[in-house]
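Since this is a predicted model, take the numbers as computed values, not measurements. Because only heavy atoms are used, hydrogens play no part in the values below, and waters and symmetry mates are left out as well, while side chains stay in.
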Amino acid sequence: MLTLYVVFLLILGGYKGLVAPAGTEGDTLEALVVGYVLWFFLMTSYQDVYNTVRNESLTGTLEQLYMSTHGFGWVMGANVAAAFLANLVMVALLLTAALWTSGAVVNIDVGGLLPVLVGTLFGPVAIGFAAAGLALVFKRIDSYTQMVQFVLIALVAVPAEKAFWLRLLPGSFGASLVRDIMIRGQSLLEIGLAKLVLLFLIGIGHLALGYGVYKVCEKRAMVWGMLGHY
């Protein structure tokens, strides 16, 4: 957490150095803070899934998750839910520190943000499952999966409100709705039920695709003798 805060200070210092001569700060400071915190949320959500599967496979205990009476899917679902709650605390701390340091002011509507964040969660979780599946098959791909954090930066920055197809990218539509609430001051009622339902439909689609990639890779790993048969 301290490292992430130091990185934010460096980004903030560079940002102020660029905008100060021009005097064109506007609401871009708020966008910087919200974007950084959103990136942190997506990254930790992705890493929770990937690291859980990756570490369990490296220690040889992954098969034990499948032996649970509740099944692997439910075990991972509980893990994601618990990690989501823990991540919310860290997001709140990072946001508080970022706002205090930068002097930015954003709209913190907890009732509106919570369902949007839940819908946004599906995207990075799907990426985590897909990356974890590939790691089961190809093993030494950690250096490549580290690149996902840069992909997540792009997904947060995507202007999903500009084109419908941009909303289909993992996490991008949710990030856009979070900006609507925190920067533009919109309420959940102003955003509308239709957009919220669309967010969840897109997220569930991502989750199904990511988990599907994981199951395909899992079967391939079993065929190649990289996993035990359970």
Side-chain angles (χ1 to χ4, degrees), residues 4 8 11 15 26-49 77 80-81 83-99 102 104-130 148-211:
L4 288 168
F8 174 76
I11 296 174
Y15 164 80
D27 65 352
T28 51
L29 178 59
E30 284 72 23
L32 175 67
V33 172
V34 172
Y36 187 76
V37 173
L38 269 173
W39 168 77
F40 172 74
F41 172 71
L42 295 184
M43 183 183 68
T44 52
S45 299
Y46 153 75
Q47 288 180 336
D48 286 331
V49 175
V80 168
F84 172 71
L85 296 177
N87 289 339
L88 284 182
V89 175
M90 291 190 291
V91 164
L93 292 175
L94 183 60
L95 177 61
T96 300
L99 292 175
S102 65
V105 178
V106 298
N107 175 42
I108 303 178
D109 178 5
V110 177
L113 286 171
L114 189 58
V116 173
L117 288 176
V118 172
T120 308
L121 175 69
F122 293 121
V125 168
I127 297 174
F129 272 120
V148 172
Q149 61 186 315
F150 301 107
V151 175
L152 294 175
I153 293 175
L155 292 174
V156 168
V158 163
E161 67 278 0
K162 299 296 184 181
F164 181 79
W165 69 270
L166 293 175
R167 299 180 179 183
L168 302 179
L169 299 175
S172 62
F173 188 32
S176 176
L177 295 183
V178 169
R179 286 193 294 269
D180 287 340
I181 295 174
M182 299 189 71
I183 300 176
R184 302 179 182 93
Q186 294 184 10
S187 67
L188 198 59
L189 290 176
E190 290 174 312
I191 288 176
L193 180 61
K195 286 186 178 180
L196 190 62
V197 171
L198 179 61
L199 172 66
F200 273 84
L201 289 177
I202 293 173
I204 292 172
H206 288 149
L207 183 59
L209 181 61
Y211 191 66

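- Looking at heavy atoms from C-beta onward, Leu188 lies in side-chain contact with Val116 at the 4.5 angstrom threshold.
- Residues passing the side-chain contact (heavy atoms from CB on, under 4.5 Å) test with Leu168 are Phe164, Ile202, sequence neighbours excluded.
- Between the CZ atom in Arg167 and the CG atom in Leu201 there is a gap of 13.0 Å [rounded to 0.5 Å].
- In this structure the side chain of Gln149 never reaches within 4.5 angstrom of the side chain of Tyr46, judged on heavy atoms.
- The backbone N or O of Ala160 lies less than 3.5 Å from no partner atom in the side chain of Ser172, so there is not a single donor-acceptor pair.
- Atom-to-atom distance recorded for Leu196:CG and Ile191:CD1 is 8.0 Å, nearest 0.5 angstrom.
- The distance from the CZ atom of Arg184 to the CD atom of Glu190 is 12.5 Å, given to the nearest 0.5 Å.
- The nearest pair of heavy atoms linking Ser45 to Pro124 is CB-CG, 3.8 Å.
- Rounded to the nearest 0.5 angstrom, His206 NE2 and Ile127 CD1 are separated by 8.0 Å.
- Here the closest non-hydrogen pair linking Phe200 and Gly119 is CZ-N, 3.8 Å.
- The side chain to side chain donor-acceptor pair (under 3.5 Å) check on Glu161 picks up Ser176, with sequence neighbours excluded.
- Shown here are the side-chain contact (heavy atoms from CB on, under 4.5 Å) partners of Val106, two or more places apart in sequence or in another chain: Glu30, Val34, Leu99, Ile108, Met182.
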Cut-off 3.5 Å, no hydrogens considered: what does the side-chain donor-acceptor table look like for residues 83-94, sequence neighbours left out?
{"from": "Asn87", "atom 1": "ND2", "to": "Asp48", "atom 2": "OD2", "distance (Å)": "2.9"}
{"from": "Asn87", "atom 1": "ND2", "to": "Ala83", "atom 2": "O", "distance (Å)": "3.2"}

Test Val125 against Tyr211 for side chain to side chain contact (heavy atoms under 4.5 Å, CB included), laying out the working first. CA-CA 9 Å; Val125 168; Tyr211 191 66; over 6 Å; no
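- Counting all heavy atoms, side chain and backbone alike, Asn107 lies closest to Gly185 at ND2-CA, 3.8 Å.
- Not counting sequence neighbours, the partners of Ala175 by the side-chain contact (heavy atoms from CB on, under 4.5 Å) test are Leu38, Arg179.
- Atom CG of Leu152 is separated from atom CH2 of Trp39 by 8.5 Å, given to the nearest 0.5 angstrom.
- Pairs of residues two or more places apart, or lying in two chains, never qualify as salt bridge (charged side-chain N to carboxylate O under 4.0 Å, His left out) while including a residue from residues 106-118.
- Val151 is linked by a side-chain contact (heavy atoms from CB on, under 4.5 Å) to Leu155, counting only residues two or more places apart in sequence or in another chain.
- Here the closest heavy-atom approach between residue Leu117 and residue Val178 is recorded as CD2-CG2, 4.1 Å.
- Separating the CG atom in Leu166 from the CZ atom in Phe173 is a distance of 11.5 Å, to the nearest 0.5 Å.
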